[in-house]
Amino acid sequence: MAYKRISAAEAAAMIKNGENLALSGFTPSGAAKATTKELAKIAVAEHEAGRPFKVGLFTGASTGQSTDGDLANAEAIKYRAPYTTNGDFRKHVNAGEIAYNDIHLSQMAQELRYGFMGEVDWAILEVCDLEEGETTCRAYLTSAGGISPTAARLAKHVILEHNTFHSTGAKYLHDVYELQDPPYRQPIPITKVSDRIGTPYVEIDAKKIVGVVECHIPDEARAFKDLDPITTQIGNNVAAFFLSDMKRGIIPQSFLPLQSGVGTTANAILAALSHNPEIPNFNIFTEVLQDAVVDMMLEGRVIDASSCSLTVTNDSLMKVYDNIDYFKQHLTLRPSELSNSPELIRRLGVIAINTAIEVDIYGNANSTHISGTKMMNGIGGSGDFERNAYISVFTCPSTAKGGLISSIVPMVSHHDHTEHDVNVIVTEQGIADLRGKSPMQRAQCIIENCAHPDYKQLLWDYLKIAKGGQTHHCLPAAFAFHDTLARKGDMRLTDFAEYVK
C-alpha cells in the first residue's frame with residue numbers, strides 16, 4: 001500500500017466550505033458514500049456553531065441517501081448538477097434552498113472540462129481495486145462509470161473510497177475513455193454495442209491522492225414496484241408496436257439496440273419483449289441497466305449490453321459478480337459521455353423508450369416537473385436518447401392519482417422534449433404513431449388512441465375551441481386541466497366553454 005489510509009471522517013475534514021466536489025457513480029450505483037455521509041455531520045456541526053458550510057456537487061447522475069439525501073438535509077449543498085431522484089433532495093430544491101442545474105447527462109463531463117461550472121477542488125471515487133504506483137494510480141471503478149475520468153483529471157485533490165462490498169471482478173466490466181475537447185475531438189470509434197476502446201481503469205496522478213478510505217458499504221439500490229395491469233398493458237402495446245414496424249420493414253428483422261429508462265414501466269416493457277417469441281434476441285445500449293436485463297442476459301435474450309451503471313438491487317449485483325466470466329464478455333460499463341453520446345446513439349440506431357409525467361395533444365413531453373413547478377426528477381439521459389434515436393418512444397399511464405390527473409393534456413406545463421423529438425406515445429389505452437403527421441393530425445391521433453375515456457371528450461372539446469394557424473390553441477384554456485387540479489384537486493373540469501367564460 002503506497003497511499004495513506006484515512007478514515008471517512010478524516011477525509012471529510014479536509015473539505016472546506018465553498019469547495020466543489022466531483023463524485024463517482026451514476027444513480028446510487030458506484031457513488032461515493034462514506035466521505036459524504038461524514039461531510040453532512042460536519043455541516044451540521046458548523047451550522048450549529050454559527051458558521052457557513054456548503055459545497056458544490058458535480059455527479060454523473062443521481063446518487064443515494066448518503067450523498068444527495070444527507071447533504072441536502074444538512075443544508076450543505078450550494079449547487080448541484082445534473083440528475084437527481086432523492087426525495088429529501090427534492091424537498092429542498094422545491095423549497096428554493098439549493099441551486100439545482102438540470103442538464104443532459106451526456107453534457108456533464110464536457111461542461112466541467114469547458115469550465116462552465118467552476119473549478120473541481122475534490123474528486124471522490126469509489127473503487128473496487130487500485131494499483132498504487134509512485135507516479136500514477138490505476139483506479140478500478142465499481143458498478144458505474146459516470147464522470148469519473150474527467151473528475152479525477154480536473155480535481156486538485158482525490159479521495160479514493162476502496163469499497164470491499166464490490167467484487168474486484170467489477171474491473172473487467174469497464175471501458176474508460178475520455179473525449180478530447182474541440183477543436184481536437186475525434187470520432188468515437190465504436191460501431192457495435194460490444195466494442196471497447198479504452199482501459200479498464202481510471203488513471204490518476206498519484207500526487208493528487210490524499211488518502212484511501214477503506215469501507216464496506218452496499219450500493220443504496222432500490223427495488224421497483226411489481227408490474228400491474230396498466231404497466232403490463234403498456235409493455236404489451238410497445239411490443240405490438242415494434243412487431244408492426246418489423247413487419248413493415250421499418251425495424252430490421254435482426255432488430256436494433258434498445259434504450260429503456262428506469263422504473264416499473266421500463267421493466268414491464270422489457271418483460272413484454274422478452275416473453276414475445278416474435279421479437280428476436282437483441283442488444284441493449286443504454287445508460288442504466290436494471291434487474292430485468294441481468295436476468296435476460298443470463299437467459300441469452302439480451303446478447304450484449306452497454307451501459308453507464310448497474311442500477312440494480314444488490315441481489316442482482318451479486319448475480320453479476322458471481323457470473324463475472326460471462327458478464328465480462330457481454331456487458332460493458334462506460335463513462336456517461338459515451339453511454340449517452342448522441343453520436344453513438346444515432347450511429348447504432350438505438351430505439352429509445354422513456355417515461356413522461358405528461359404529454360400534450362401535439363406530442364410535447366414533460367418528464368421532470370409536476371404542474372410545471374415542482375421538480376420530480378431531472379431530465380437524465382432521456383433527452384440524449386430521444387432526440388437522437390432511430391425511433392423515439394414515450395410511455396405513461398393515461399391517468400395518475402386514481403384518475404384525478406390526466407397524463408394527456410392540452411399543453412404540457414413544462415417542456416423537456418418538444419414534438420420534434422417524439423415519434424410515438426404509448427399509454428395503456430393504445431399507441432399514437434406521430435411519424436409523418438402534422439400538428440393537427442398528431443392531436444387527433446393522441447386524443448383518440450392514448451387519452452383515458454374520462455378525459456377524451458374534454459380534449460376533443462378543447463380542440464373545438466382552439467384557434468390558430470398550423471397549431472391550434474386557446475391560450476386562456478391551455479392550462480385549464482392544471483388550473484382545475486390546483487383549485488379542486490381534480491383535472492376533470494365540467495366544460496371548456498364555461499371555463500373560458
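Each residue takes its place number in the sequence, starting with 1. The figures that follow rest on heavy atoms only: side chains count, while hydrogens, waters and symmetry mates do not.
The minimum heavy-atom distance between Leu105 and Ala61, with the atom names listed, is CD1-CB, 4.0 Å. Of all non-hydrogen atoms in Ile147 and Leu23, the two that sit nearest each other are CG1-O, 3.8 Å. The shortest heavy-atom contact between Ala144 and Leu333 is N-CD1, 4.3 Å. Closest non-hydrogen pair, Ala268 versus Thr232, comes out as CB-N, 4.2 Å. Considering every non-hydrogen atom in both Phe26 and Gly146, the closest pair reads CD1-CA, 4.0 Å. Across all their heavy atoms, Ser309 and Ser307 have their closest contact at O-OG, 2.9 Å.
The main-chain N or O of Glu337 is never found under 3.5 Å from a side-chain atom of Asn340 such that the two would form a donor-acceptor pair. Checked by atom type and distance alone, the side chain of Gln329 pairs as donor or acceptor with a backbone atom of Asp325 at under 3.5 Å. In this structure, Asp416 contributes its side chain and Thr368 its backbone to a donor-acceptor pair below 3.5 Å. Side-chain atoms of Asp68 never come within 3.5 Å of backbone atoms of Gly64 as a donor-acceptor pair (strictly under, hydrogens ignored). When atom types are taken as modelled, the side chain of Ser316 and the backbone of Val312 share no donor-acceptor pair closer than 3.5 angstrom. Proximity of a side-chain donor or acceptor of Asp360 to a complementary backbone N or O of Gly363 within less than 3.5 Å is detected.
Side-chain atoms of Thr231 and Asp228 include a donor-acceptor pair closer than 3.5 Å. Thr332 and Arg196 share a side-chain donor-acceptor pair at under 3.5 Å. At a cut-off of 3.5 Å, with distance as the only test, no side-chain donor of His369 or Glu358 sits close to an acceptor on the other residue. Neither side chain, Thr399 nor His452, offers a donor N or O lying under 3.5 Å from an acceptor on the other. Side-chain atoms of Thr85 and Asn377 form no donor-acceptor pair, as typed in the model, at a separation below 3.5 Å. Judged by distance alone, the side chains of Ser438 and Gln470 never bring a donor and an acceptor atom under 3.5 Å apart. Side chains of His414 and Asn366: no donor on one and acceptor on the other come within 3.5 Å. Residues Asn364 and Thr418 bring no donor and acceptor atom of their side chains to less than 3.5 Å of each other. Side-chain polar atoms of Glu287 and Ser336 form no donor-acceptor pair below 3.5 angstrom. A donor-acceptor contact closer than 3.5 angstrom is absent between the side chains of Asp102 and Tyr83. Side chains of Thr311 and Gln290: no donor on one and acceptor on the other come within 3.5 Å. When only modelled atom types and interatomic distance are considered, Thr36 and Thr67 share a side-chain donor-acceptor pair under 3.5 Å. There is a side-chain donor-acceptor pair under 3.5 Å between Asp219 and Ser143. Side chains of Thr373 and Ser371: no donor on one and acceptor on the other come within 3.5 Å. For His166 and Tyr321, the side-chain atoms include at least one donor-acceptor pair closer than 3.5 Å. Side chain to side chain, His473 and Tyr462 meet the donor-acceptor criterion of an N or O pair below 3.5 Å. Using a 3.5 Å distance cut-off with no hydrogens or angles, the side chains of Asn237 and Gln233 do pair a donor with an acceptor.
The 12-atom threshold is exceeded at CZ of Phe241, counting heavy atoms of other residues, nucleotides or ligands nearer than 6.0 Å.
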- Message: Does His417 form a side-chain hydrogen bond (donor to acceptor under 3.5 Å, both in side chains) with Ser367? I'd like the steps, not just the answer.
- Response: CA-CA 8 Å; His417 314 275; Ser367 60; 3.1 Å; yes
- Decide side chain to side chain contact (heavy atoms under 4.5 Å, CB included) for Phe89 and Arg80; before the verdict, give the C-alpha distance in whole Å, the side-chain angles of both, and the deciding distance to 0.1 Å. CA-CA 10 Å; Phe89 179 89; Arg80 169 81 165 84; 3.4 Å; yes
- Task: Starting from the C-alpha separation in whole Å, work towards a yes-or-no answer on side chain to side chain contact (heavy atoms under 4.5 Å, CB included) for Gln259 and Ile351.
- Result: CA-CA 6 Å; Gln259 176 265 343; Ile351 298 173; over 6 Å; no
- Task: Decide yes or no on side chain to side chain contact (heavy atoms under 4.5 Å, CB included) for Leu258 and Asn283, but give the supporting numbers first.
- Result: CA-CA 7 Å; Leu258 290 183; Asn283 294 325; over 6 Å; no
- Item | Trace of the side-chain hydrogen bond (donor to acceptor under 3.5 Å, both in side chains) decision for Arg334 with Ser306 | CA-CA 7 Å; Arg334 309 185 192 276; Ser306 171; 2.7 Å; yes
- Message: If you apply the rule side chain to side chain contact (heavy atoms under 4.5 Å, CB included), what do you find for Leu289 with Ile284, and how did you get there?
- Response: CA-CA 9 Å; Leu289 216 67; Ile284 295 281; 4.0 Å; yes
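Interatomic distance, Thr63 OG1 to Leu57 CG, rounded to the nearest 0.5 Å: 7.5 Å. For the atom pair Glu178 CD and Thr199 OG1, the distance stands at 10.5 Å (nearest 0.5 Å). Rounded to the nearest 0.5 Å, atoms CE (Met246) and OG (Ser244) are 11.0 Å apart. Separation of atoms CD1 (Ile324) and OH (Tyr172) is listed at 8.5 Å; rounding is to 0.5 Å. Atom CZ in Arg442 sits 13.0 Å away from atom CD1 in Ile447 (nearest 0.5 Å). Expressed to the nearest 0.5 Å, how far CZ of Phe481 lies from CD1 of Ile408 amounts to 10.0 Å.
The residues Arg387 and Asp384 are annotated as not salt-bridged, no charged nitrogen and carboxylate oxygen being separated by less than 4.0 angstrom. Lys488 has no carboxylate O lying under 4.0 Å from a charged side-chain N of Asp483, or vice versa, which leaves the two without a salt bridge. Ion pair Asp490/Arg492 flagged as a salt bridge, since at least one NZ, NE, NH1 or NH2 atom sits closer than 4.0 Å to an Asp/Glu carboxylate oxygen. With respect to the salt-bridge test (charged N to carboxylate O, under 4.0 angstrom), the residues Asp291 and Lys319 do not qualify. A salt bridge links Lys33 with Glu126: the distance from a Lys NZ or Arg NE/NH1/NH2 to an Asp or Glu carboxylate oxygen falls below 4.0 Å.
Between Phe282 and Phe255, the ring-plane angle classifies as tilted under the 30° and 60° cut-offs.
With a 4.5 Å cut-off on side-chain heavy atoms, Asp304 and Met297 do not count as touching. Contact of the Leu463 side chain with the Met440 side chain is registered, since non-hydrogen atoms from C-beta on lie closer than 4.5 Å. Using a 4.5 Å heavy-atom threshold, the side chains of Tyr140 and His174 count as separate. Val393 is listed as a side-chain neighbour of Thr395, based on a closest heavy-atom distance under 4.5 Å. The closest side-chain heavy-atom distance from Gln444 to Lys437 is not below 4.5 Å.
Qualifying side-chain contact (heavy atoms from CB on, under 4.5 Å) partners for Lys464, counting only residues two or more places apart in sequence or in other chains: Gln457, Asp461.
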Using residues 422-432 as the side-chain source, report each donor-acceptor pair under 3.5 Å to any protein atom, sequence neighbours left out, with the distance given to one decimal.
from   : atom 1 : to     : atom 2 : distance (Å)
Asn423 : OD1    : Ser392 : N      : 2.8
Thr427 : OG1    : Gln429 : N      : 3.0
Thr427 : OG1    : Cys450 : O      : 3.0
Glu428 : OE1    : Ser398 : N      : 2.9
Glu428 : OE2    : Ser398 : OG     : 2.5

